[in-house]
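First the structure, in the form of structure tokens, and then the observations on it.
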Amino acid sequence: MTHYWLLKSEPSCFSIDDLARRPKQTTFWDGVRNYQARNLLRDTIKIGDKAFFYHSNATPPGIIGIVDIVSNGTPDKSALNPEDEHYDPTATPDNPRWYGVDVRLEKKFSRLISLDELKLHPGLAEMQVTRRGNRLSVTPVTRNEWQRILAIIDRDAH
DNA sequence: GCCAACGTTGGC
DNA sequence: GCCAACGTTGGC
């Protein structure tokens, strides 16, 4: 069964357009350094799931598209690379500590659905990403929330 | 195991 | 750039 997620990225670091330029519009979602998010990436998110691509620390922040999850969780090798900005000296090949998944761009929305809009929408205001103080970069999205957002985009297209 | 200090996230 | 929220670290 397909599950739905929201993945945050700062567009100044990695944007949906950056993903669109990658070979096969696919990349390894690396650099997550929070245990709760790590557990989701390692254990819970599976091939065939889908996720919203969320631009955080943007003006405005919001949901900008959809990615398909195209691998199960695998060790995040960026933690092992001293040259990488996400290097973690406590990670080892035997105990990789951090995980990620491969994602492929499914769709960039015709417009960004801003955080403000989510908060104002009765069916979306309870999304985890709208909660004050929420810092988790990987959060679950309910089937209803997923379909409501698709309906907004679909409506705009007509 | 507590908790103060510190670092990071991310909206504004 | 500010700062509230929250996660992590480390002394005790």
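Order of the sequence lines sets the chain letters (A, B, ...), proteins ahead of strands, with each chain counted from 1.
Direction change of the helix axis from one end of the helix from dG1(B)-dC12(C) to dC12(B)-dG1(C) to the other is 10°, with five pairs defining each end axis (rounded to 10°).
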List every contact pair, protein side and nucleotides 2-4 of chain C side both N or O, where the distance is under 3.5 Å.
none

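When the side-chain hydrogen bond (donor to acceptor under 3.5 Å, both in side chains) test is applied to T27(A), the partners found at least two apart in sequence or on another chain are R22(A). Checked against salt bridge (Lys or Arg N to Asp or Glu O under 4.0 Å), D18(A) has the following partners two or more places apart in sequence or in another chain: R21(A). Every residue two or more places apart in sequence or in another chain that forms a salt bridge (Lys or Arg N to Asp or Glu O under 4.0 Å) with D156(A) is listed here: R111(A).
Rounding to the nearest 0.5 Å places OG of S15(A) at 7.5 Å from NZ of K108(A). Atom CE of M1(A) and atom CG of D49(A) lie 9.5 Å apart (nearest 0.5 Å). Atom CZ in R104(A) sits 8.5 Å away from atom CD in E106(A) (nearest 0.5 Å). Taken to the nearest 0.5 Å, the CZ atom of R33(A) stands 10.5 Å off from the CZ atom of R38(A). Between E117(A) atom CD and I149(A) atom CD1 the span is 9.0 Å, to the nearest 0.5 Å.
For residues 121-154 of chain A, every residue pair satisfying the ring-ring contact (aromatic ring centres under 6.0 Å, His included) rule, not counting sequence neighbours, is listed here: Y4(A)-W146(A), F52(A)-W146(A). Residue pairs that meet the ring-ring contact (aromatic ring centres under 6.0 Å, His included) test with at least one member in residues 56-75 of chain A, sequence neighbours left out, do not exist here. Residue pairs meeting the ring-ring contact (aromatic ring centres under 6.0 Å, His included) criterion with at least one partner in residues 77-103 of chain A, sequence neighbours excluded, are Y35(A)-W98(A).
Residue R135(A) contributes atom CZ, which lies 13 Å from atom P of dG7(B) at whole-angstrom precision. Separating the CD1 atom of I63(A) from the P atom of dG11(B) is a distance of 12 Å, rounded to the nearest angstrom. Taking atom CD on Q128(A) and atom C1' on dG10(B), their separation rounds to 16 Å, with Å as the unit. Rounded to a whole Å, the NE2 atom of H86(A) is 13 Å from the P atom of dT8(B).
Within residues 5-20 of chain A, the residues approaching DNA chain B are K8(A), by heavy-atom distance under 4.0 Å. The stretch residues 31-43 of chain A has no heavy atom under 4.0 angstrom from DNA chain B at all. Annotation: proximity of residues 54-62 of chain A to DNA chain B (heavy atom, distance under 4.0 Å) is found for Y54(A), S56(A), N57(A), P61(A), numbered in ascending order.
With hydrogens and angles left out, the side-chain atoms of T92(A) and D94(A) include no donor and acceptor closer than 3.5 Å. Side-chain contact check for T142(A) and N144(A): no donor-acceptor pair (N or O, by modelled atom type) lies under 3.5 Å.
Hydrophobic clustering of Ile, Leu, Val, Met, Phe, Trp and Tyr side chains at less than 4.5 Å, counting indirect connections, unites I153(A) with M127(A).
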Mind listing the side-chain donor-acceptor pairs of residues 60-72 of chain A below 3.5 Å, one per line with the distance, residues two or more places apart or on another chain?
residue	atom	partner	partner atom	Å
D68(A)	OD1	K50(A)	NZ	2.9
S71(A)	OG	D102(A)	N	2.9
S71(A)	OG	D102(A)	OD2	3.3
N72(A)	OD1	I47(A)	N	2.8

